[in-house]
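These notes concern the structure reproduced below.
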Amino acid sequence: MSHATLVGLILLAGVLGFRHGIDWDHIAAITDLVGGESDKRRGFILALWYAAGHEVVIIAFGALATLLGWTLPHWMDGVMERFVGITLFILAIFLIISFIRNRGEWVVMSRWRLLFIGFYRWAY
């Protein structure tokens, strides 16, 4: 593989990675993570940690799959898209319930806190 080909592949991976990072589910996750932060610097650091952690996981699984020659079945994309859609739908329901319970007063909470509160109320 020539040097130019390697550089081209790295640039292509960067562009596709950036495109992947601005998908609606990633934007929702980052917004959820930093939306309640009043300190902009802390919000930026949280978003940066999210992005770095996501990238490390993608690189690790991608490298492992490449080294072992693994491939995912074609139907897996549809399954995962539905899973993400269902997850976001459930979180939207939690947000609507929270909005109704707080009588229209907007209270910013992360989705993890909403899930915890919902589970706690259901279990107890």
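This is a predicted model, so every value here is computed, not measured. All residue numbers in this chain count up from 1 along the given sequence.
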Exercise. What pairs meet the salt bridge (charged side-chain N to carboxylate O under 4.0 Å, His left out) rule with one or both residues in residues 39-60, with sequence neighbours excluded?
Worked result: Glu37-Arg42
Exercise. Distance from Thr87 atom OG1 to Arg82 atom CZ, nearest 0.5 Å?
Worked result: 13.5 Å
Exercise. Which residues pass the side chain to side chain contact (heavy atoms under 4.5 Å, CB included) test with Ala47, sequence neighbours left out?
Worked result: Ile30, Val34
For this session: Show which residues join Val57 in its hydrophobic cluster (side-chain heavy-atom contacts under 4.5 Å, direct or indirect), or state none.
Result: Phe61
Exercise. Leu72: what forms a side chain to side chain contact (heavy atoms under 4.5 Å, CB included) with it, not counting sequence neighbours?
Worked result: Met76
For this session: Would you please test Leu11 and Val15 for side-chain contact (heavy atoms from CB on, under 4.5 Å) and show each step?
Result: CA-CA 6 Å; Leu11 287 174; Val15 168; 5.6 Å; no
Exercise. What residues form a side chain to side chain contact (heavy atoms under 4.5 Å, CB included) with Val79, not counting sequence neighbours?
Worked result: Trp75
For this session: Please identify each residue that fulfils side chain to side chain contact (heavy atoms under 4.5 Å, CB included) with Ile93, with sequence neighbours left out.
Result: Phe89, Ile97
For this session: Name all residues meeting the side chain to side chain donor-acceptor pair (under 3.5 Å) criterion together with Ser2; count only those two or more places apart in sequence or in a different chain, and write none if there are none.
Result: Thr5
Problem set entry | Whichever hydrophobic residues join Ile45 through chains of side-chain contacts under 4.5 Å | Trp49
For this session: Give me the other members of the hydrophobic cluster that Trp70 sits in, counting Ile, Leu, Val, Met, Phe, Trp and Tyr linked by side-chain heavy atoms under 4.5 Å, directly or via other members.
Result: Leu64, Leu68
